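On a predicted model such as this, the values are computed, not experimentally measured, just so you know. Labels below follow one simple rule: chain letters A, B, ... track the order of the sequence lines, proteins then strands, and each chain is numbered from 1.
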Amino acid sequence: MTKDMVREKMNELPIRRVLPELLERMRSGTSAVLVAEPGAGKTTQVPLAFLNEAWLSGRKIVMLEPRRLAARSAAEYMSRMLGEQPGETVGYRVRMDSRTSRRTKIEVVTEGILTRMLQSDAGLEDVGMVIFDEFHERNLQGDLGLALALESKAVLREDLRILVMSATLEAEPVAALLGDAPVVNCPGRQFPVETVYRPPAAGSALEKHMAAVIREASAGHPGDVLAFLPGKGEIRKVQAELESGGVPAGFVIRPLYGQLPQKEQDAAVQPDPEGRRKWILATSIAETSLTIDGVRIVVDSGYMRTQLFSARTGMPYLATDRVSRASADQRRGRAGRTAPGIAYRLWSHETQNHLRSRNAPEILQTDLAPLALELAAWGVQNPAGMAWLDPPPEAAYERGRELLQRLGAVRRDGSVTDKGKRMAEIGLHPRLSAMMLQAEKLGQSGLAAVLAAILQERDIFRSGAGAPPDSDIRSRVQAVRLWEQKGFAGPNADEAGLRRIVQESRYMQKQLEAELSGPGDIEKSGLLLSFAYPDRIGQSRGGGKFLLTSGRGVELPREQPLSRAAYVTVAAVDDKKGAEGKILLAAPLSLEDLQQHHREDIVEETTVDWDPSLGGVKARRQVCLGAIVLRESPAGQPPAEAVAQALLDGIRAEGLGLLPWTKQAAQLRQRLQLMHEADPDWPDMRDDALLSRLEEWLLPYLDGLKNRSDLQKLQLVPILEQMVGWDKKTRLDKEVPTHIAVPSGSRIAVDYSDPKQPVLAVKLQEMFGLHETPKIGMGRIPLTLHLLSPAQRPVQITSDLASFWKHGYFEVKKDLKGRYPKHYWPDDPLEAIPTRRTRPQ
DNA sequence: CTCTCCCT
């Protein structure tokens with residue numbers, strides 16, 4: 001495009017119409033929000049419009065972009081409009097690459113760069129205006145940059161202009177955050193896109209359905225198809241589905257996701273050299289990061305995969321979820337960039353109504369250790385006092401602070417240490433910065449820089465078909481070295497990725513200003529990583545399972561040689577909910593290195609606990625690093641208190657069944673429970689209640705006991721009696737007797753197993769002559785009678801004996817007389833003589 | 001039995 005053509009095109013842009021208002025707002029005030037739909041041209045027009053404002057008084061305009069590529073291309077585009085090269089009036093600055101000069105008036109930077117600028121000059125002395133572009137993405141770095149810029153403006157730089165630009169933002173909250181800033185709206189310029197809802201039939205697989213819709217749509221409409229899926233797995237399935245149904249002549253399938261080697265990504269984005277129509281199967285990478293010309297058809301699965309952070313375990317995990325309405329609209333818009341298009345949504349109108357309106361901002365679901373370090377370096381220990389659209393969630397923030405403390409970046413009170421300041425300057429995740437600083441001391445910064453670069457970049461390895469991926473980070477280090485020395489990449493490595501890693505690792509080493517340390521010893525990889533991930537040092541439990549110092553369990557497929565290492569450091573992990581976490585990248589480390597370099601975290605202690613396999617208390621001398629036990633030996637004389645506590649732990653773990661519940665003890669417990677239910681002043685005797693008060697009632701009797709068989713010797717009856725005391729015990733015997741005397745002279749034990757309905761089971765013949773049902777509880781509670789045959793089988797259950805004698809007895813008698821003819825079955829039971837034998841003597 | 005995307 002020539003300079004004139006660019007100028008001409010620029011004049012048509014919708015943004016031109018709102019620029020005067022925007023300029024006026026920034027003259028009369030100091031902040032504003034610009035809401036402009038895609039295609040309005042805001043990114044390239046707005047910074048240039050402010051270039052000659054008097055209030056700049058020689059200062060620069062800084063514009064933030066969420067991606068390096070976007071920052072560079074915005075700078076290039078604006079330079080072209082001025083007939084210049086980047087680095088003259090308009091420049092850019094991203095990690096490892098910048099084009100700026102003393103003449104530069106507009107600096108386009110990635111979001112994290114602003115934080116670095118503010119950390120080295122809180123007043124931003126040479127900046128007159130900060131523009132936040134694409135703010136609706138709500139990246140962590142953008143939110144942080146805005147919070148810091150607002151503090152700077154409030155305290156040091158009243159005149160600092162802040163403009164927040166966004167495509168689809170609910171403008172009110174951010175305008176309020178800027179102090180009731182005016183909102184300027186600008187329409188966009190998009191071709192119309194028709195929306196079709198096409199949910200899969202019940203029970204049919206989404207991938208199969210998608211393949212069918214792709215086929216159908218390409219038959220009825222022109223242009224390339226862009227299909228959105230949550231991840232690689234689903235992409236491969238749809239691809240297989242399309243291939244098995246036959247790809248028509250003139251079409252080609254192009255997968256597109258971040259892990260894919262650069263060459264294959266390029267093939268998906270660029271027009272097909274043979275002029276075929278593309279079926280592009282993409283993740284959300286194609287939602288904002290990459291734009292593809294020629295797409296007229298979008299097919300959206302409606303799902304996306306995101307990484308979430310578990311504040312509970314301190315580890316990340318992947319989750320597949322429905323997209324938001326904002327995401328779905330963004331995806332649909334991809335069909336209307338160059339011509340009118342059509343978008344198929346593989347969900348129903350009904351589902352559409354339930355989608356959340358926008359994606360959660362990153363600050364609500366990510367690891368906050370980096371944020372906590374920046375704030376500590378800024379001098380803030382409690383983020384609650386700052387201006388946030390969404391304040392950082394407390395649990396994750398606290399996790400982040402704990403990690404920083406462990407890495408030596410902050411003190412207990414949250415204030416930053418000198419080491420922490422250096423870590424923040426290095427501009428890596430605090431874990432990786434801590435590793436770099438430690439490696440420097442050990443003369444291993446060369447290896448550490450390669451490891452950090454590998455972890456920073458996307459994985460350079462593709463797993464072979466069918467084979468499980470290799471999780472040993474040393475194989476990546478080897479690939480990097482091979483590439484550096486011979487310019488040769490292994491069959492599975494991505495060359496563009498290797499190039500980036502080499503560049504990145506050299507940059508890091510240079511930044512440390514360390515002497516180049518040489519390649520280092522690859523076998524120290526696990527050790528170096530342990531300085532970054534001290535909470536993820538794993539000890540083998542066999543079968544590829546490892547216990548981490550944090551207490552979490554993780555695992556590796558057993559086919560991997562790494563699964564047989566005794567100790568590993570786990571750098572990347574997917575913390576599956578419920579199940580063991582999955583190790584994605586790790587390296588082995590030796591016990592010697594571990595003991596030498598983590599000496600200050602290793603503690604020696606005597607542990608006394610219940611060993612279920614032993615059925616008793618075991619005392620051991622343990623050498624521990626966090627939750628893992630490096631060595632242990634039997635301990636001699638453990639303190640009696642600890643043994644008793646361990647016994648209680650055993651009972652809590654295995655239940656009250658460990659105690660000798662004789663018939664008498666069990667009945668006593670039930671009788672007490674009956675009293676409790678009538679009067680809460682009596683102790684609750686249910687399992688949970690007893691277990692929660694073991695210290696009170698059982699502990700005093702445990703002296704000298706060590707195991708199950710010792711416990712079996714306890715006398716529970718006196719123990720339970722002691723629990724209620726003498727007065728209550730006397731009352732208990734009176735109100736809830738153990739036995740009842742019946743007319744035959746027998747004393748029959750009452751069954752209290754159901755405290756609501758105590759039972760007296762007694763032979764019918766023993767009850768002759770008794771008019772009324774016996775009662776307990778000072779005559780309040782009638783017993784339920786189980787009247788038994790001579791063979792002890794219940795023949796009648798009643799709590800109204802008088803009525804039984806009158807009515808039921810004669811029926812029962814007839815039957816019993818037939819079965820037990822030798823027994824005594826009188827016609828008048830109330831006058832008869834009770835007996836425990838066949839007949840009264 | 002398969003890792004979403006991005007950045008200092």
Check whether any side-chain heavy atom of Val573(A) lies under 4.5 Å from a side-chain heavy atom of Lys582(A), and answer yes or no.
no
Heavy-atom nearest nucleotide on DNA chain B taken for Pro370(A) and for Pro230(A); more 5' hit belongs to Pro230(A)
Residues at least two apart in sequence or cross-chain that pass side-chain contact (heavy atoms from CB on, under 4.5 Å) with Arg305(A), listed by chain then number, are Pro230(A), Glu234(A), Leu318(A), Thr320(A)
Within residues 281-288 of chain A, those residues having any heavy atom closer than 4.0 Å to DNA chain B are Thr283(A), Ile285(A)
Would you kindly say whether Gln560(A) and Ser471(A) are connected by a side-chain donor-acceptor distance under 3.5 Å? yes
With the side chain defined as heavy atoms from C-beta on, Arg305(A) is closest, among dC3(B), dT4(B), dT8(B), to dT4(B)
The correct set of residues in residues 107-121 of chain A placing a heavy atom under 4.0 Å from DNA chain B is Thr110(A), Gly112(A), Ile113(A), Arg116(A)
By nearest-nucleotide position on DNA chain B, the 5'-leaning member of Lys582(A) and Ala424(A) is Lys582(A)
Steps toward side chain to side chain donor-acceptor pair (under 3.5 Å) verdict (Trp378(A), Glu151(A))
CA-CA 10 Å; Trp378(A) 182 253; Glu151(A) 286 233 319; 2.9 Å; yes
Out of dC3(B), dT8(B), dC6(B), minimum distance to the side chain of Arg68(A) belongs to dT8(B)
Closest to the side chain of Gln307(A), out of dT4(B), dT8(B), dC5(B), is dT4(B)
Practice problem: Give Gly233(A) one of three labels, base, sugar-phosphate or nothing, depending on what nucleic acid heavy atoms sit under 4.0 Å from its own. | Solution: nothing
Q. Is the shortest heavy-atom distance from the side chain of Trp347(A) to the side chain of Arg322(A) under 4.5 Å?
A. yes
